[in-house]
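Let me begin by presenting the structure, written as structure tokens, before commenting on it.
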Amino acid sequence: MTAAAVIRVLIVDDQSMVRAGFAALLAAQSDIDVVGEAANGEEGVALARSRHPDVVLMDVRMPVLDGLEAARRILAPPPGVTHRPRVLMLTTFDVDDYVYEALRAGASGFLLKDAPPSDLIAAVRVVASGDALLAPSVTRRLIADFARQRPAPPRGGAAPALRLKALTARESEVLELIARGLSNAEIAKALVLAEQTVKTHVSRILAKLGLRDRAQAVILAYESGLITPGQS
């Protein structure tokens, strides 16, 4: 995505009024083009593969195929399908098991359906730029809540911890601050680094750990024990 690029958006929601409202709001933006609408996850997967959107707004609860499974299919396509858009989950619940699982599957974040219109527009732009929606406190709370509630898998927690051994000490520091919800600018201030240096560290962390974005980095930080719920 370049600064001048138009963001192609696909809206997947089983409520026609919601789809129409989101479509009208987003289409009114000069840098956003709504390329399709789908009423269930199955239609959404098909349209994602034919319309090649940059961002998919995906409702969590839908008939035929729910948003979680649809997100999995879009983010882990079969051989031969090369296009993988960013997926932004939409929910009416601020804590939703499906959303957590979607983040693990590679979704770039989630947004409450009753968020202000400006938040929706900003979310689409943030996700399209390659970042993850981790700024809203509710996202961090969701991840922390599930990390706290779910028992660690028996010895399965060792695998995430072993993955972190690929990181340098500085990269581990940066990952810990990402997991606490700090922005690149805040991390730069905390570690007395240039913001561009932080961006480089973040890119290397994602590459070394095979992660799609910051959302998956936060989850791995919790699951590996690098950071624990409630830690400040």
Side-chain angles (χ1 to χ4, degrees), residues 7-23 26 34-115 120 123-124 126-128 130 132-134 136 138-139 141-143 145-147 149-151 153 156 159-160 209-220 222-223:
I7 303 167
R8 295 167 58 81
V9 176
L10 170 64
I11 301 169
V12 187
D13 194 294
D14 62 326
Q15 298 180 54
S16 59
M17 292 287 286
V18 171
R19 293 197 308 274
F22 285 168
L26 294 174
V34 177
V35 298
E37 299 177 31
N40 59 64
E42 191 170 274
E43 292 179 6
V45 173
L47 283 178
R49 291 177 182 164
S50 65
R51 305 284 176 85
H52 291 179
D54 299 304
V55 176
V56 178
L57 295 181
M58 181 76 73
D59 188 20
V60 171
R61 301 174 185 271
M62 293 181 291
V64 185
L65 187 71
D66 66 40
L68 172 59
E69 184 57 31
R72 284 178 177 146
R73 294 184 188 183
I74 289 172
L75 295 167
V81 177
T82 58
H83 181 70
R84 289 207 311 167
R86 302 278 171 173
V87 175
L88 177 61
M89 304 303 296
L90 298 167
T91 180
T92 54
F93 307 97
D94 64 352
V95 175
D96 191 314
D97 192 21
Y98 286 99
V99 178
Y100 175 82
E101 294 298 339
L103 290 173
R104 294 194 65 191
S108 294
F110 85 101
L111 192 70
L112 297 179
K113 284 187 177 181
D114 61 359
L120 174 63
V124 168
V126 165
V127 170
L133 263 193
L134 289 179
V138 67
T139 303
R141 188 173 75 247
L142 178 147
I143 295 171
D145 283 349
F146 280 98
Q149 293 168 11
R150 289 161 178 255
L209 299 179
L211 302 174
R212 185 172 171 84
D213 55 31
R214 296 167 82 103
Q216 290 190 318
V218 171
I219 290 170
L220 180 61
Y222 277 110
E223 292 184 338

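No experiment lies behind these values; they were computed from the predicted model shown.
- Smallest separation of non-hydrogen atoms from G44 and I74: O-CD1, 4.3 Å.
- Considering all non-hydrogen atoms of both residues, L88 and A123 come closest at CD2-CB, 3.7 Å.
- When all heavy atoms are compared, the tightest approach of M89 to A71 is SD-CB, 4.2 Å.
- Looking at R84, its side chain does come within 3.5 Å of a backbone N or O of L75 through a donor-acceptor pair.
- Contact record, V34 with A23: CG2-O, 3.8 Å, taken as the closest heavy-atom pair.
- Taking CE from M58 and CD1 from I11, the interatomic distance works out to 12.0 Å, rounded to the nearest 0.5 Å.
- With rounding to the nearest 0.5 angstrom, the OG1 atom of T91 is 9.5 Å from the CG atom of D114.
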* To do: Any chance you could lay out the side-chain contact (heavy atoms from CB on, under 4.5 Å) test for D59 and V18, step after step, and finish with the verdict?
  => CA-CA 10 Å; D59 188 20; V18 171; over 6 Å; no
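- Contact detail for V56 and A48: the closest heavy-atom pair is CG2-CB, 4.5 Å.
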* Working for side-chain contact (heavy atoms from CB on, under 4.5 Å), residues L57 and V12 -> CA-CA 6 Å; L57 295 181; V12 187; over 6 Å; no
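- Contact record, L209 with L220: CD1-CD2, 3.6 Å, taken as the closest heavy-atom pair.
- Between the side chain of D54 and the backbone N or O of R8, at least one donor-acceptor pair lies under 3.5 Å.
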* To do: Report the C-alpha separation of L10 and R51 in whole Å, then their side-chain angles, then the decisive distance to 0.1 Å, and conclude whether the side-chain contact (heavy atoms from CB on, under 4.5 Å) test is met.
  => CA-CA 8 Å; L10 170 64; R51 305 284 176 85; 5.7 Å; no
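- Remark: E69 engages R72, R73 in a salt bridge (charged side-chain N to carboxylate O under 4.0 Å, His left out) (not counting sequence neighbours).
- No donor-acceptor distance shorter than 3.5 angstrom exists from the side chain of R86 to the backbone of A128, with no hydrogens or angles considered.
- A search for side-chain contact (heavy atoms from CB on, under 4.5 Å) contacts involving H83 returns H52, P53, P85, not counting sequence neighbours.
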Return a table of donor-acceptor pairs under 3.5 angstrom between the side chains of residues 35-42 and protein atoms on other chains or two or more places apart.
unit_1 : atom_1 : unit_2 : atom_2 : d
N40    : OD1    : E42    : N      : 3.0
N40    : OD1    : E43    : N      : 2.9

* **L90 vs F22, side-chain contact (heavy atoms from CB on, under 4.5 Å): CA-CA, chis, key distance, verdict** => CA-CA 11 Å; L90 298 167; F22 285 168; 3.5 Å; yes
